[in-house]
Amino acid sequence: MYITLKDINKIYPNGFHAVHNFNLEIEKGEFVVFVGPSGCGKSTTLRMIAGLENISSGEFLINGERANEKGPREREVAMVFQSYALYPQMTVFDNIAFGLTLQGVDEDAIEERVKKTAQILGLTDYLDRLPRALSGGQRQRVAIGRAIIRKVGIFLMDEPLSNLDAKQRVTMRSEIAQIHQETGATTIYVTHDQTEAMTLADRIVVMKDGYIQQTGTPRELYFHPVNVFVAGFIGEPPMNFVRQTVANGRIRFGSQEIDLGKRLKNIADWEGKEIVFGFRPEAVQLAGAAEGYTLTGNVELTEMLGDNTNVYIKAGEQNVILKVDSHDTPETDVNLTFHVPFESVYLFDGETEKVIEN
Ligand code: ATP
């Protein structure tokens, strides 16, 4: 294994326990994304890997060798920050070359490598410019160039796209994916944006409150979330949840009943307990074919997004969102019947929030 994090904890000097028992193994060449809401400990973990923050307890190995005590340079990591951190008085060329100049690499070799890097990043025509004469996206590319030119083993990125506008973000996202394909560098990438995580990652680590919630491929997280948090975090619009106490094997959706026995073998064990019934907005069918639950609610609002429409439904106290083909956009203020196939229903224990294996 290339990188191993074993029972890593971070307790800041003020006593705040920011990261709890973090365990992860990363293979060479993998693109791993840490994702989670603000304050969940993603940056702290990345900074411990970078050597910018000391590790309170646990073991950090690179290539099987303990690296806890190694300084940032010895770890062979390069980091790209949210703020780019370019030198304003230096040209693009000198910014990209900076690390190599420090290492004492000879001038011809520097020139060759800078040109090659600039080519990969589409910066060839900008090498003489100063950072202030570049767009945000171009600056971010320079920051990435400065990191990849060093040919280090581990490439760390902390929210590298958050200062870009929406369109630039999409472009840079695909460029980062391409750079990774070309360089094959092991990459750890921090973001709070689940779309970035889903599109870039070989594997995603979902964090909350300093704890790993789930580690898996984008597919695993989308189709097999282990708990309510992951189910609600991955997917847009988020998964719908109906949270209720089971009575006679049923929960209610407005005035209708959902017979959980059709989906859950040991339903008797759940009598009087709280269950979270979940389904994704895109999993519903308007013309029911598959076996499933048939539900009805009032259409409160529709949002036509082009190829599909988000439909906001209310049934009693319950609000859910359906994502339908835009050709099927319903009128507002009418009753809409929809079907949730059994295989698209997720059930969670309301107390532990964990998925119920059936
Ligand atoms: P964001 O997306 O907002 O950057 P994050 O998931 O990267 O969030 P961290 O920056 O890792 O979160 O912070 C995790 C927790 O540790 C937060 O609650 C933060 O307030 C706390 N924290 C960060 N740095 C310190 C510090 N130097 N001393 C004490 N607490 C800190």
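In each ligand, atom 1 is the first atom listed, and ligand 1 is the first ligand listed. Predicted model only: the values in this text are computed from it and were never measured.
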Starting from [atom], find the nearest protein heavy-atom neighbour and note its residue, name and distance.
atom: atom 15 (C) of ligand 1; result: F16 CE2, 3.5 Å
atom: atom 22 (N) of ligand 1; result: Y12 CE1, 3.3 Å
atom: atom 3 (O) of ligand 1; result: S38 OG, 2.6 Å
atom: atom 10 (O) of ligand 1; result: S43 CB, 3.7 Å
atom: atom 2 (O) of ligand 1; result: K42 NZ, 2.9 Å
atom: atom 5 (P) of ligand 1; result: G39 N, 3.5 Å

Do the charged groups of [X] and [Y] touch, with an N to O distance under 4.0 Å?
X: R250; Y: D259; value: yes
X: K115; Y: E112; value: no
X: E53; Y: R47; value: yes
X: R173; Y: E196; value: no
X: K273; Y: E351; value: no
X: E353; Y: R243; value: yes

Determine, using heavy atoms of G41 and all atoms of ligand 1, whether some pair is separated by less than 4.0 Å.
->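 Yes.
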If you measure only the distance, is there a donor-acceptor pair under 3.5 Å linking the side chains of Q213 and N227?
->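 Short answer, yes.
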Taking distance alone, with no angle check, do T45 and ligand 1 share an N/O pair under 3.5 Å?
->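 No; the residue has no nitrogen or oxygen that sits under 3.5 Å from a nitrogen or oxygen of the ligand.
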Purely on distance, is any nitrogen or oxygen of A18 under 3.5 Å from one on ligand 1?
->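 It does not: no N or O of A18 is found under 3.5 Å from an N or O of ligand 1.
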Option whose closest heavy atom lies nearest to atom 9 (P) of ligand 1, chosen from V19, I11, T44 |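 Among V19, I11, T44, the closest heavy atom to atom 9 (P) of ligand 1 comes from T44.
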Within a distance under 4.0 Å of any heavy atom of N14, pick out the atoms of ligand 1 and give their elements.
->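 That gives atoms 29 (C) of ligand 1.
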C40: numbered ligand 1 atoms lying under 4.0 Å from its heavy atoms |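 With C40 as reference, the close atoms of ligand 1 come out as 5 (P), 6 (O), 12 (O).
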Please work out whether any backbone atom (N, CA, C, O) or any side-chain heavy atom from C-beta onward of E159 is under 4.0 Å from ligand 1, and answer side chain, backbone, both or neither.
->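 For E159, only side-chain atoms sit under 4.0 Å from ligand 1.
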Report yes or no: is the cationic atom of K42 (NZ for Lys, CZ for Arg) under 6.0 Å from the centre of the six-membered ring of F34, at an angle within 45° of the ring normal?
->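 Because its charged atom misses either the 6.0 Å distance or the 45° angle limit, K42 does not stack over F34.
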What about I62 and F31, same hydrophobic cluster or not, with Ile/Leu/Val/Met/Phe/Trp/Tyr joined at side-chain heavy-atom distances under 4.5 Å?
->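 No, I62 and F31 fall in different hydrophobic clusters.
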Exercise check, heavy-atom protein proximity under 4.0 Å to atom 30 (N) of ligand 1 |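 Neighbour list for atom 30 (N) of ligand 1 includes protein heavy atoms (cut-off 4.0 Å).
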